[in-house]
Amino acid sequence: MSEWWKDSVIYQIYPRSFNDSDGDGIGDLQGIIEKLDYLNELGIDIIWLSPVYDSPNDDNGYDIRNYYEIMEEFGTMEDFDLLLSEVHARGMKLIMDLVVNHTSDEHEWFKKYPDHYFWRDQPNNWNSVFGGPAWEYSEERDQYYLHIFSKKQPDLNWENPVVREKIYEMMRWWLNKGIDGFRMDVINFISKDPTLPDGPDGDGSRYFMNGPRVHEFLREMHEEVLQHYDCMTVGEMPGATPEDAQVYTNPDNHELDMIFTFEHMDLDQHSHEKWDFKKLDLIDLKENLEKWQHALHGCGWNSLYWNNHDQPRVVSRFGDDGKYRKESAMMLGTCLHFLQGTPYIYQGEELGMTNVTFDHIDDYQDIETLNMYEEKRAEGISEESIMQSIHVKGRDNARTPVQWSDAPHGGFTTGTPWLKMNPNYHDVNTEKERTDPYSVFKHYQELIKLRKNYSLIKNGTFELLHRDHSEVFAYERLIIDEKMTVYCNFSDSHHKFQRPEGDVIHSNYQGAGDGDEVFELRPYEAVVFYYFKNV
Ligand code: NOJ
């Protein structure tokens with residue numbers, strides 16, 4: 001089977017915030033169908049749909065009550081079938097989120113089959129990712145159950161072969177419908193050390209991340225399900241190193257096609273604690289991406305991303321969301337899309353959407369944010385400092401609805417949006433972006449086209465240039481007789497460099513790369529040179 005995902009650009013839809021067709025303030029499947037031509041125009045190949053399954057929405061669909069039903073707010077199974085056929089009719093593919101580390105506590109398995117989960121008379125000391133202990137007491141059973149995420153997300157026990165078979169059966173059901181693959185939620189958490197020992201300071205991650213049987217389970221899943229379909233997989237894997245990724249994504253191992261690393265996303269924090277943030281040191285980012293580029297070249301495959309529904313907006317994070325919003329959004333796109341791997345665009349990234357700074361905690365909806373707020377308030381931390389953390393790192397930054405136009409609520413809904421809009425929708429919206437000749441949208445369109453025109457981007461080697469430069473990220477991609485040199489200025493200063501060989505094939509400025517010997521990078525400028533040597 002061909003590895004089509006290596007030639008693809010993937011677009012992530014967070015359905016709740018994408019487009020509302022019925023005025024209830026919540027995005028839905030018909031809303032996505034309305035916008036498929038837009039996605040086609042952008043040029044993407046694959047859509048990844050965050051969960052659309054029936055769910056009580058404790059964690060916006062990442063708590064699934066029924067894997068075989070569509071969430072009522074999003075529509076019906078008929079709507080889903082129509083969406084799938086309309087995606088295929090436009091030559092695109094659709095992958096679904098697969099959330100099988102845990103279910104909702106309202107799933108019938110949780111009610112009927114205790115052996116599908118982890119029940120203990122005595123909890124261990126693990127903390128949950130969303131704050132508080134990872135164990136919840138049930139009066140009915142007089143026991144505790146494990147939940148690495150919220151207490152409404154009990155962890156499935158993959159040691160039980162019946163659980164695994166039920167999951168495989170469900171995966172086959174969706175693949176038989178014709179979907180093209182899965183993005184697998186925290187899939188490296190599925191194998192736990194069965195003795196569930198205490199962890200240092202309540203951190204149990206060493207006992208549930210990349211656990212003892214994870215490779216065995218993934219190989220079984222491949223054998224039982226994946227190998228029988230022409231599908232792709234990407235596993236979300238907090239804590240995975242390049243060495244782990246070499247095992248997970250090496251095609252000879254029959255596990256996954258690619259994984260999402262978190263390493264580059266954790267560089268602007270002091271520790272594992274995401275709220276403990278610091279300014280990004282560009283040299284750290286360069287060296288980290290270099291490490292991943294080298295580690296997987298020829299033996300696995302990278303996924304490339306700056307954004308998703310869990311991360312703040314990259315233009316606010318690593319760019320400049322004020323004066324140089326457009327320039328820096330474009331530069332970040334260029335920096336990522338010329339690397340080896342499959343790029344992911346998260347809804348709104350192609351517009352340069354930014355973080356939000358809502359004043360009041362009541363304006364936020366995300367369970368992680370709300371729990372953190374309560375916890376830190378109880379510890380006596382000031383309201384101001386907590387709100388500042390939320391503005392920088394909160395997940396709702398990514399979840400404010402997509403800004404389609406200048407109409408009320410950015411054209412997202414005719415009702416009241418479930419989460420407030422970013423007030424900058426008058427300036428930043430798809431309508432404006434599509435008509436403006438200098439737009440982030442057009443820049444992304446071009447990036448996608450360039451990947452299709454130059455196989456070097458897919459196949460070439462990677463060399464980091466100017467390693468110690470703290471404001472410019474430059475690299476070379478090479479293959480036999482072709483070379484690309486990419487320069488990205490992560491600052492608002494001007495920098496001069498020796499001009500590399502070749503012609504400028506892409507930039508976010510007029511007159512980029514001009515100069516015989518030396519050229520200048522302007523604030524947040526990105527420029528790509530291409531050189532073909534006739535041998
Ligand atoms: C990772 C998902 O991306 C995130 O949104 C979710 O809260 C957790 N996994 C739990 O499913």
Side-chain angles (χ1 to χ4, degrees), residues 10-18 27 48-67 71 95-107 110 117 126-132 134 136 145-156 158 167 182-190 192 204-205 208-210 214 233-240 256 258-266 272 274-275 303 305-313 344 346-347 349 364-372 390 393-400 418-419:
I10 303 183
Y11 186 94
Q12 182 191 352
I13 290 183
Y14 193 68
R16 214 174 181 71
S17 301
F18 190 65
W48 149 28
L49 213 51
S50 276
V52 294
Y53 313 93
D54 173 46
S55 160
N57 275 316
D58 193 50
D59 185 19
N60 285 353
Y62 283 91
D63 48 322
I64 297 171
R65 183 164 47 201
N66 188 333
Y67 290 105
M71 193 186 304
I95 66 171
M96 303 276 286
D97 225 299
L98 183 80
V99 188
V100 289
N101 173 68
H102 44 268
T103 65
S104 162
D105 65 338
E106 296 181 31
H107 195 291
F110 190 68
Y117 298 84
W126 296 359
N127 295 320
S128 109
V129 172
F130 291 156
E136 181 71 8
Y145 65 85
L146 175 68
H147 61 88
I148 290 175
F149 293 91
S150 95
K151 62 181 180 214
K152 286 188 66 63
Q153 293 168 298
D155 280 61
L156 281 166
W158 278 66
I167 290 168
F182 293 107
R183 172 270 186 187
M184 303 186 181
D185 194 67
V186 288
I187 200 69
N188 63 332
F189 288 13
I190 57 177
K192 278 111 186 152
S205 57
F208 64 74
M209 273 183 190
N210 308 309
V214 67
T233 54
V234 50
E236 187 205 25
M237 298 209 176
L256 299 175
M258 56 189 138
I259 70 160
F260 287 129
T261 163
F262 279 61
E263 284 192 350
H264 65 307
M265 291 282 106
D266 292 347
H272 281 310
K274 78 177 251 179
W275 306 105
S303 56
Y305 78 97
W306 291 136
N307 271 118
N308 59 43
H309 62 291
D310 294 330
Q311 300 292 341
R313 293 278 178 186
Y344 288 73
Y346 176 68
Q347 63 185 36
E349 183 179 339
Y364 289 88
Q365 301 276 352
D366 169 32
I367 180 170
E368 181 188 57
T369 298
L370 301 180
N371 286 357
M372 182 281 275
I390 297 173
K393 276 290 186 80
R395 303 198 296 182
D396 280 341
N397 282 309
R399 300 177 180 186
T400 62
W418 71 277
L419 176 67

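What you see is a predicted model; the values in this text were computed from it and never measured. Atoms within each ligand, like the ligands themselves, are counted from 1 in listed order.
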Participant: Checking a contact table here: which protein heavy atom is nearest atom 8 (C) of ligand 1, and how many Å away?
Facilitator: F149 CE2, 3.8 Å
Participant: Enumerate the atoms of ligand 1 whose separation from the nearest heavy atom of R399 is less than 4.0 angstrom.
Facilitator: 5 (O)
Participant: Using 30° and 60° as the class boundaries, would you call the ring planes of F149 and H102 parallel, tilted or perpendicular?
Facilitator: tilted
Participant: Angle class for the F110/Y117 ring planes (parallel below 30°, perpendicular above 60°, tilted otherwise)?
Facilitator: perpendicular
Participant: With a cut-off of 4.0 Å, which atoms of ligand 1 are near a heavy atom of H102?
Facilitator: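 Near H102, the atoms of ligand 1 are 10 (C), 11 (O).
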Participant: Could you tell me the residue and atom name of the protein heavy atom closest to atom 7 (O) of ligand 1, and the distance to it rounded to 0.1 Å?
Facilitator: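 Checking every protein heavy atom, the shortest distance to atom 7 (O) of ligand 1 gives D59 OD2, 2.5 Å.
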Participant: CG/N60 to CG/D366 distance, rounded to the nearest 0.5 angstrom?
Facilitator: 7.5 Å
Participant: Has Q311 got any heavy atom lying under 4.0 angstrom from an atom of ligand 1?
Facilitator: no
Participant: Provide the number and element of each atom of ligand 1 under 4.0 Å from a heavy atom of R395.
Facilitator: 4 (C), 5 (O), 6 (C), 7 (O)
Participant: Using every non-hydrogen atom in the two residues, find where P154 and H147 come nearest and quote the distance to one decimal.
Facilitator: CA-CB, 4.1 Å
Participant: Where do I390 and W275 come nearest, in terms of heavy atoms and distance?
Facilitator: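 In terms of heavy atoms, the two residues are closest at CA-CZ3, 4.1 Å.
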Participant: So which protein heavy atom does atom 3 (O) of ligand 1 come closest to, and at what separation?
Facilitator: D310 OD2, 2.5 Å
Participant: Step through it carefully: locate the ring centre of F260, locate the ring centre of W48, and say whether they are under 6.0 Å apart.
Facilitator: yes
Participant: At less than 4.0 angstrom from any non-hydrogen atom of F130, what atoms of ligand 1 do you find?
Facilitator: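 Per the distance check, 7 (O).
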Participant: Is any NZ, NE, NH1 or NH2 atom of the basic residue among K393 and D310 found under 4.0 Å from an Asp or Glu carboxylate oxygen of the other?
Facilitator: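 A salt bridge is absent here (no side-chain N lies under 4.0 Å from a carboxylate O).
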Participant: What protein heavy atom sits nearest atom 2 (C) of ligand 1, and how far off is it?
Facilitator: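 I find the closest protein heavy atom is D185 OD1, 3.1 Å.
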